[in-house]
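Beneath this line is the structure, given in structure tokens, with notes to follow.
These figures come from a predicted structure and were not determined experimentally. All residue numbers refer to positions in the sequence shown, counting from 1.
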Amino acid sequence: TEFQAPSRMVFTGGMPLGLFRGQRTYTLTPDGDGTRFHMREEYTGLMLPMIWPSIPDLDPAFQQYARGLKAEAEKRV
């Protein structure tokens, strides 16, 4: 839903009428001689209290993704 090369990318999806919405944001920022990567997942909407209990803990998958991204980026330096 948003792309600002080379620093920001946003994916958004959900249900009609704003009943439930998920948004994942990836951000790259300069950090000294390198780059800092940040990924955020945010959920909103009237149905969130009903849906939230069924959403798995995504933190382990996010950590694995970040480690893989770091490893690939460091191969190319």
Side-chain angles (χ1 to χ4, degrees):
T1 54
E2 181 182 335
F3 183 64
Q4 297 174 7
S7 61
R8 182 176 161 91
M9 185 168 52
V10 180
F11 295 99
T12 305
M15 300 173 112
L17 306 173
L19 294 174
F20 178 77
R21 179 178 169 214
Q23 184 172 46
R24 184 175 295 170
T25 304
Y26 300 92
T27 308
L28 300 173
T29 53
D31 187 13
D33 290 337
T35 301
R36 182 168 299 274
F37 169 72
H38 182 78
M39 180 171 43
R40 177 186 169 112
E41 185 97 357
E42 183 176 9
Y43 301 103
T44 58
L46 293 172
M47 293 188 68
L48 179 59
M50 290 178 277
I51 295 173
W52 182 254
S54 68
I55 297 174
D57 178 9
L58 297 173
D59 193 53
F62 287 171
Q63 294 299 324
Q64 182 180 6
Y65 179 85
R67 284 191 302 271
L69 180 63
K70 182 179 189 290
E72 286 298 314
E74 288 176 346
K75 283 184 195 176
R76 299 169 195 278
V77 174

List the atom pairs, with distances to 0.1 Å, where a side-chain N or O of residues 8-27 and a protein N or O form a donor-acceptor pair under 3.5 Å, not counting sequence neighbours.
residue	atom	partner	partner atom	Å
R8	NE	E2	OE2	2.7
T12	OG1	T1	OG1	3.0
T12	OG1	Q23	NE2	3.3
R24	NE	E41	OE1	2.5
R24	NH2	E41	OE1	3.1

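- Distance check: F62 CZ to D57 CG gives 9.5 Å after rounding to the nearest 0.5 Å.
- Remark: Q64 CD to L69 CG distance equals 12.5 Å, nearest 0.5 Å.
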H38 and R36: side chain to side chain contact (heavy atoms under 4.5 Å, CB included), yes or no, with the steps?
-> CA-CA 7 Å; H38 182 78; R36 182 168 299 274; 5.6 Å; no

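- Atom CG of D59 is separated from atom CE of M39 by 9.0 Å, given to the nearest 0.5 angstrom.
- Here CG of L46 is found 10.5 Å from CD1 of I51. Values are rounded to the nearest 0.5 Å.
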